[in-house]
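This report concerns only the one structure given below.
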Amino acid sequence: MPVPQKFNFLVEQASCLLLKLLQNLSFNRQILLRARLMLRVLVEGNL
């Protein structure tokens, strides 16, 4: 049964790639939100 094993491998690889992509998007969103907050504080002069 080489075909199902290869298919399972491809599905597993795709799942890992998707998970990494989602984690990167979440991390980038956190950085963006923090940068926006810091910019707002600087602009409003609340430091």
Side-chain angles (χ1 to χ4, degrees):
M1 288 194 261
V3 174
Q5 286 179 346
K6 190 173 185 179
F7 181 73
N8 286 339
F9 174 76
L10 290 175
V11 169
E12 187 177 328
Q13 292 296 307
S15 297
C16 289
L17 190 61
L18 183 60
L19 182 61
K20 286 181 182 179
L21 181 63
L22 291 175
Q23 288 172 340
N24 285 341
L25 287 174
S26 176
F27 183 70
N28 288 341
R29 184 172 177 268
Q30 289 174 1
I31 291 176
L32 185 62
L33 288 174
R34 288 179 184 163
R36 261 178 40 196
L37 179 62
M38 288 171 50
L39 186 61
R40 183 183 302 160
V41 167
L42 287 172
V43 168
E44 293 177 357
N46 292 333
L47 270 179

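With values rounded to the nearest 0.5 angstrom, Arg29 atom CZ is found 15.0 Å from Asn24 atom CG. From Glu12, atom CD reaches atom CG of Leu10 across 10.0 Å, with rounding to the nearest 0.5 Å. If you take CG on Leu33 and CG on Asn28, they are separated by 11.0 Å, rounding to the nearest 0.5 Å. Atom CG of Leu18 and atom CD of Gln23 lie 10.0 Å apart (nearest 0.5 Å).
With Ser15 contributing its side chain and Val11 its backbone, the two residues share a donor-acceptor pair below 3.5 Å.
Members clustered with Ile31: Phe27, by chain and number, using a 4.5 Å side-chain heavy-atom cutoff among hydrophobic residues. Taking a 4.5 Å side-chain heavy-atom cut-off between Ile, Leu, Val, Met, Phe, Trp and Tyr, the cluster of Leu17 contains only that residue.
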